[in-house]
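Each remark here refers to the structure printed beneath this line.
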Amino acid sequence: MRYPISATLFDIAKSVIPGGVNSPVRAFRNVGGDPFFVRRAKGSRIEDIDGNIYVDYIGTWGPAILGHAPIAVIDAVHQAAKNGLSFGIPNEHEVEMAQMICSWVPSVEKVRMTNSGTEATMSAIRLARGYTRRDKIIKFDGCYHGHSDSLLVAAGSGALTFGEPDSAGVPASFAAETIVLPFNDPAAVEAAFARWGEQIAALILEPYPANAGLILPQPGFLSFLREITERHGCVLIFDEVMTGFRLGKAGVQGLEFVTPDLSCFGKVIGGGLPVGAFGGKAEIMDWLAPLGPVYQAGTLSGNPLAMVAGLTQLRELENAGAYEKLDQIGAYLQGGIEIILTEKGIPHRLNRVGSMFCLFFTDQEIINLESVKTQDMALFRKLFWAMLDKGIYIAPSPYETGFLSLAHSREDIDFTLEALEQAVAEI
Ligand SMILES: *Cc1c(COP(=O)(O)O)cnc(C)c1O
């Protein structure tokens, strides 16, 4: 057995936690098996409670962009903790954080902190609805925006129908306010606006969808969305919870030169502590309570430890060349994987931007959820376990993106590529 102590603990966990986990993907259902429990993590490595050590390509699903447990962040949190863990009234770190976000992301004039990405997107949707006095929203199939009711909606069966609940417990009447469209399909977006243009409060998307593998927008798609939402008085929301501060100082909007009305953040801005944020045009943000009629709140929002962890992480990323280094290590990994899989004649697509990457076992071009679903799941599953046995931890699902950090060295990548070469020979 790979990790007997973890297996025993997972049995206990299952008796007191539904499925043994506090977030479903951790249960390894997509790869068929039980998860390991982590004892500690440092840099690019993660160690389970059985003592196995892995090179980690998940980085806690994105936040660990400096690597695990970076000294600067740990020290800053220690110092802050001595002054108190939570106050529930303003602290100076919240202001520094807001200033930092506004200066890095030009489209953000004002920002509100939350405790998760889910809260950020949920609040941005409510704000857009309050501001436009409209109820309907558009989302894209395969984009994930957290687990609030309006956003846990999947595409309906017809070409132009309202969404259907993507979870038990989401009322059909809520899902009926969400229009779900295929990504990279301007005609579908035009048809939806032609039919419901006056009723659509917001269009929300991951500008680089990274929760169904990694999908990239086709040239012109994002600027098309900017133009059509503007024309219909619809709030354009970029969910950059994954991409914000990971792909560059201003996320995808900084790379693509498309300016949303509102943006959502999370993951990297928390430095590993629970943080989210949403912000954008002051004219819209000022509709939030206490200034405006849209209610939104949080006992722990702007928590001093979370702010200090996030700020310290962002300051480290300000160091010259951080994003270039991430891109270089990403390119090095990508090149190595391509060589191995091409030599073995394994059909694949490898999408990568900077430190985010996703390997699909398919020969189809990846443009939307449909194309992602063409991948060979069985092959992925075999690869996952073969890699884990060789000390490489990739996401336990073919629908997840991989993440690199500044702690990943060329030696880590060489070790990973050797493992891949052996794994591919075995599976
Ligand atoms: C992770 C994620 C969320 C949800 O954030 P949580 O902190 O898990 O609630 C929302 N949107 C995107 C794009 C994400 O990647």
Side-chain angles (χ1 to χ4, degrees), residues 21-27 57-65 105 112-128 137-154 166-167 178 180 183 202-217 222 225 236-247 251-253 255-256 260 262-280 296 298 300-303 306-307 309-310 313 351 353-358 369 372 395-397 399-403:
V21 291
N22 284 311
S23 199
V25 71
R26 298 178 199 167
Y57 287 97
I58 304 183
T60 184
W61 304 99
I65 194 167
V105 188
R112 177 69 61 86
M113 304 309 297
T114 64
N115 302 290
S116 67
T118 294
E119 278 179 66
T121 54
M122 178 185 80
S123 305
I125 295 285
R126 182 180 306 139
L127 175 59
I137 59 170
I138 293 179
K139 82 175 281 284
F140 291 103
D141 207 15
C143 283
Y144 177 69
H145 305 293
H147 61 276
S148 68
D149 286 341
S150 301
L151 294 164
L152 269 191
V153 179
D166 203 12
S167 161
T178 304
V180 184
F183 195 73
L203 182 151
I204 186 169
L205 75 155
E206 292 181 82
Y208 290 174
N211 283 283
L214 178 61
I215 303 169
L216 297 174
L222 297 179
L225 295 177
L236 178 63
I237 306 174
F238 273 13
D239 177 355
E240 299 226 42
V241 169
M242 193 85 103
T243 51
F245 311 102
R246 172 160 282 277
L247 296 182
V252 176
Q253 51 195 283
L255 301 177
E256 299 277 351
L262 296 178
S263 301
C264 302
F265 303 106
K267 299 195 170 115
V268 169
I269 39 164
L273 291 189
V275 182
F278 64 105
Q296 189 276 335
L300 294 175
S301 295
N303 173 270
M307 295 303 97
Q313 171 142 291
N351 278 357
V353 231
S355 56
M356 295 169 65
F357 64 96
C358 190
L369 187 59
V372 169
S397 161
Y399 292 103
E400 301 290 349
T401 294
F403 297 96

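Keep in mind that what you see is a predicted model, and the values were worked out from it rather than measured. Each ligand, and each atom within it, is numbered from 1 in the order the structure gives. As a basis for the values below, the full set of heavy atoms in this structure was taken, side chains included, without hydrogen atoms, waters or symmetry mates.
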Measure the shortest side-chain to side-chain distance between Leu151 and Thr178 over non-hydrogen atoms and say whether it is less than 4.5 angstrom. no
Under the criterion side chain to side chain contact (heavy atoms under 4.5 Å, CB included), which of Leu262, Thr114, Ile237, Ile204 is the partner of Thr121?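 Among Leu262, Thr114, Ile237, Ile204, the one that satisfies the side chain to side chain contact (heavy atoms under 4.5 Å, CB included) with Thr121 is Ile204.
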Looking only at protein heavy atoms, which one is nearest to [atom], and what is the separation?
| atom | value |
| --- | --- |
| atom 11 (N) of ligand 1 | Asp239 OD2, 2.7 Å |
| atom 7 (O) of ligand 1 | Gly117 N, 2.8 Å |
| atom 3 (C) of ligand 1 | Val241 CG1, 3.7 Å |
| atom 4 (C) of ligand 1 | Thr118 N, 3.7 Å |

Atom of Met113, atom of Met307 and distance for their closest heavy-atom approach: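 Minimum heavy-atom separation between Met113 and Met307: CE-CE, 3.7 Å.
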Would you kindly specify which portion of [X] sits under 4.0 Å from ligand 1, judged on non-hydrogen atoms: side chain, backbone, both or neither?
| X | answer |
| --- | --- |
| Lys267 | side chain |
| Glu206 | side chain |
| Asn211 | side chain |

Can you tell me how the ring of Phe245 sits relative to the ring of Phe265, calling it parallel under 30°, perpendicular over 60° and tilted otherwise? tilted
Any atoms of ligand 1 less than 4.0 Å from a non-hydrogen atom of Met242? List them with their elements. 15 (O)
May I ask you to list the atoms of ligand 1 that are less than 4.0 angstrom from any heavy atom of Ser116?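 What qualifies from ligand 1 is 7 (O), 9 (O).
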Does the side chain of [X] pick up a donor-acceptor pair with the side chain of [Y] at under 3.5 Å?
| X | Y | answer |
| --- | --- | --- |
| Arg126 | Gln296 | no |
| Thr243 | Glu206 | no |
| Glu240 | Tyr208 | no |

